Asker: 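Have a look at this one before I ask anything.
What you see is a predicted model; the values in this text were computed from it and never measured. Below, read A as the first sequence line, B as the second, and so on, with proteins coming before strands; counting in each chain starts at 1.
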2 protein chains.
Amino acid sequence: MVAREVEAAEIRVSAPEGSVSTDRRPRADAVRNRDLLLSAAADAFAARGADVPLDDIARSAGVGIGTLYRHFPTRDALVEAVYRYEVDVLCQRADQLLEEMPPDQALAEWMQLFVRHVATKKGMLSALKPLLSSNPSFSDQTKGRAQAAATKLLNAGVAAGTVRADVDGADLLRAVGGICMSTDQERSEASERLVGLLFDGLRHGAAGSQVSG
Amino acid sequence: MVAREVEAAEIRVSAPEGSVSTDRRPRADAVRNRDLLLSAAADAFAARGADVPLDDIARSAGVGIGTLYRHFPTRDALVEAVYRYEVDVLCQRADQLLEEMPPDQALAEWMQLFVRHVATKKGMLSALKPLLSSNPSFSDQTKGRAQAAATKLLNAGVAAGTVRADVDGADLLRAVGGICMSTDQERSEASERLVGLLFDGLRHGAAGSQVSG
DNA sequence: AGTATACCGGAGGTTACCTCCGTTTTGCAA
DNA sequence: TTGCAAAACGGAGGTAACCTCCGGTATACT
């Protein structure tokens, strides 16, 4: 299952000679269907939890069940792809926000987005956790990208003098993640308030204001 | 499903008049089969995780699938009963250990038993966690009993002067539980070592030895 | 335009879940 | 001890989800 992906990658890498069509451009319908599936799966997982029948996902994506299984040989592969995709979206939003508004405001917005991101992922959490703990490289990749986005936002704020300098991306994610985890079940409202508090703390010790120590 | 249990309880309660056979002794085969199922389920969950087919459990218990479903209308009911049963066993072992050996040694043994208890429950954890969080009274009951057992062991040690007095059952369980949770997957060996450390700490400040502050 | 290649999609085998009901056992009373 | 009604037994079978397989089809390259 997972081995198949690895195998495919190896073939591509280990074919330096007579491989004419090895890196052929993927077909348009394949790309389209993959996106449809990803989007349908994201909705289904968020709305109905990680146990939603794959048949239903294929149907709501408007493709056959065979197509789903070809793109994502196992349920785990689908869960992983959805998660990867949504982390991508979240990280891209960081860049967009930085272009649209001042850094500190962008940071505040992004932190709230993060909370909602986690809240909608609650449903697939039971399927996701074993995946993250059994697959360190996957876990590291997503964590790394999220940290990069957080760091970028923080640095922009620091450069503008509106965010304190003694917190890095990893710290920020740990703090926000911890808040999301600690507030049990469905109450993202409480999380949003706590994260707001956290953000005020981030702004408090900025270069523009007074630092205690 | 769950409604059925509630209904049954209500019927029993609301029959104060002509109920001659309401509290008839349970049939011997019913009791026996329930125990067989519990034992088989415990083994199956530990060996093959929480997703083991109920058919298999019934078969390995030597009863029909219908019997399993009568005793435990849902998978959750079975998981809960198994957990309850194993917590009972663990708590009873505390009393036994106190009769067989000095209190501090009994405490050490019991802490290690607890670690192994958690380790073998890893498989059913994914099924257990939602149950514990959605059913506070169940969670409280089991926690309460475990705390009582831990407190009993601690008190015996304190009375004998071999265990320090400033730790209560709740603290102990939190500490040991935390250690078990933090050491990821399958490595109960690490947990056992850490718990050994913890135990040394418990013995260190005992009345018989020197207390620092 | 032709063709090899990759993709599409759903029929159907397999497995697990759970209900239903005829049969068997057992506790109680006469 | 015997009879009987209540309770439990057990497995056949309907339902649902999983996943594979393969004939037909669309598409990227020449």
Asker: Within the structure provided, determine whether A:Asp171 and A:Asp168 are in side-chain contact (heavy-atom separation under 4.5 Å).
Answerer: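 Result yes, sub-4.5 Å side-chain heavy-atom pair found.
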Asker: Mind jotting down which residue pairs meet the salt bridge (charged side-chain N to carboxylate O under 4.0 Å, His left out) criterion with at least one end in residues 29-38 of chain A? Sequence neighbours excluded, please.
Answerer: A:Arg27-A:Asp29
Asker: Can you check the B:Leu78 CG to C:dC17 C1' distance for me, whole Å?
Answerer: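 The distance from CG of B:Leu78 to C1' of C:dC17 comes to 14 Å, rounded to the nearest Å.
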Asker: Is B:His71 near enough to D:dA8 that one of its side-chain N or O atoms lies under 4.0 angstrom from OP1 or OP2?
Answerer: no
Asker: Would you call B:Glu192-B:Arg116 a salt bridge at under 4.0 Å N-O?
Answerer: yes
Asker: How long is the line joining OH of B:Tyr69 and P of D:dG13, in whole Å?
Answerer: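 Taking OH of B:Tyr69 and P of D:dG13, I get 18 Å after rounding.
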Asker: Just the rounded figure in Å: distance from P of D:dC9 to CZ of B:Arg32.
Answerer: 8 Å
Asker: B:Asp76 CG to C:dC18 C1': how many Å, rounded?
Answerer: 15 Å
Asker: Output the rounded distance in Å from CZ (A:Phe72) to C1' (D:dC18).
Answerer: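 My rounded result for the distance is 17 Å.
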Asker: According to salt bridge (charged side-chain N to carboxylate O under 4.0 Å, His left out), does anything in residues 54-75 of chain B pair up with another residue at least two apart or in another chain? List the pairs.
Answerer: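 Of all non-adjacent pairs touching residues 54-75 of chain B, those that pass salt bridge (charged side-chain N to carboxylate O under 4.0 Å, His left out) are B:Arg48-B:Asp56, B:Asp56-B:Arg59.
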Asker: Of all of residues 47-68 of chain A, which get a heavy atom below 4.0 angstrom from DNA chain C, listed by number?
Answerer: A:Val63, A:Gly64, A:Ile65, A:Gly66, A:Thr67
Asker: Compare all side-chain heavy atoms of B:Phe72 with those of B:Leu38 and state whether any distance is below 4.5 angstrom.
Answerer: yes
Asker: Roughly, in whole Å, what's the span from CZ in B:Arg34 to P in D:dC9?
Answerer: 12 Å
Asker: Ignoring backbone atoms, establish whether A:Arg27 has a side-chain N or O less than 4.0 Å from OP1 or OP2 of D:dA26.
Answerer: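 A:Arg27 to D:dA26 OP1/OP2: no side-chain N or O under 4.0 Å.
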Asker: Measure the distance from CG on A:Asp29 to P on C:dC8 and round it to the nearest whole Å.
Answerer: 5 Å
Asker: Check the orientation of A:His117 and A:Tyr83. Use parallel for under 30°, tilted for 30 to 60°, and perpendicular for over 60°.
Answerer: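 Tilted.
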Asker: Map B:Ala28 and B:Arg70 onto DNA chain C by nearest heavy atom, then report which one ends up closer to the 5' terminus.
Answerer: B:Arg70
Asker: Under 4.5 Å between any side-chain heavy atoms of A:Leu97 and A:Gln105, yes or no?
Answerer: no
Asker: Taking only side-chain N and O atoms of B:Asn33, does any of them lie within less than 4.0 angstrom of OP1 or OP2 on D:dC9?
Answerer: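 It does, given that an N or O in the side chain of B:Asn33 lies less than 4.0 Å from OP1 or OP2 of D:dC9.
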